[in-house]
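All values reported here derive from a predicted model rather than from experimental measurement.
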Amino acid sequence: MQTLTLHIDGMTCGGCVKSATNALLAVNGVIDAKVSLENKNAEIRFDSSKTDAAALLEAVEDAGYDASL
């Protein structure tokens with residue numbers, strides 16, 4: 001298991017947090033995702049044999065937010 005923190009820009013409300021969280025949890029291999037509106041980030045625990053940072057970034061960006069490591 002691996003942990004990664006992504007910086008997320010573009011979230012403005014609790015709905016955004018839920019949307020970003022759901023996008024991350026939908027990625028195969030993600031075990032847990034804690035998205036913070038206040039900190040503008042997401043802490044993600046995932047199985048590195050099933051997914052990687054690029055897939056997590058893509059999931060957040062596909063949900064409509066800017067993400068970076």
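- In the hydrophobic cluster analysis, where Ile, Leu, Val, Met, Phe, Trp and Tyr join through side-chain heavy atoms closer than 4.5 angstrom, L25 is grouped together with L57.
- Taking CG of N41 as the reference point, atom CE of M11 lies at 7.5 Å (rounded to 0.5 Å).
- Smallest separation of non-hydrogen atoms from A67 and V60: CB-CG1, 3.7 Å.
- A pairwise comparison of heavy atoms in L37 and G14 identifies CD2-N, 4.4 Å as the closest pair.
- Between L4 and A53, the closest heavy-atom pair is CD2-CB, 3.8 Å.
- Judged by distance alone, with hydrogens and angles left aside, the side-chain atoms of T21 form a donor-acceptor pair with the main-chain N or O of V17 at under 3.5 Å.
- Closest heavy-atom contact between D47 and S49: OD1-OG, 2.6 Å.
- What you find for S48 and Q2 is that their closest heavy atoms are CB-OE1, 3.2 Å.
- Remark: L6 CG to E61 CD distance equals 9.0 Å, nearest 0.5 Å.
- Considering OG1 of T5 and NZ of K34, their distance stands at 11.5 Å, rounded to 0.5 Å.
- Contact of the D66 side chain with the I8 side chain is not registered, since no non-hydrogen atoms from C-beta on lie closer than 4.5 Å.
- We find the CG-OG distance between D9 and S68 to be 6.5 Å, quoted to the nearest 0.5 Å.
- The two atoms that bring V30 and F46 nearest to each other are CA-CB, 4.0 Å, heavy atoms only.
- Note on L69: it clusters hydrophobically with L24, by side-chain heavy-atom contacts below 4.5 Å among ILVMFWY residues.
- Note that CD of E43 and CG of D32 are 9.5 Å apart. Values are rounded to the nearest 0.5 Å.
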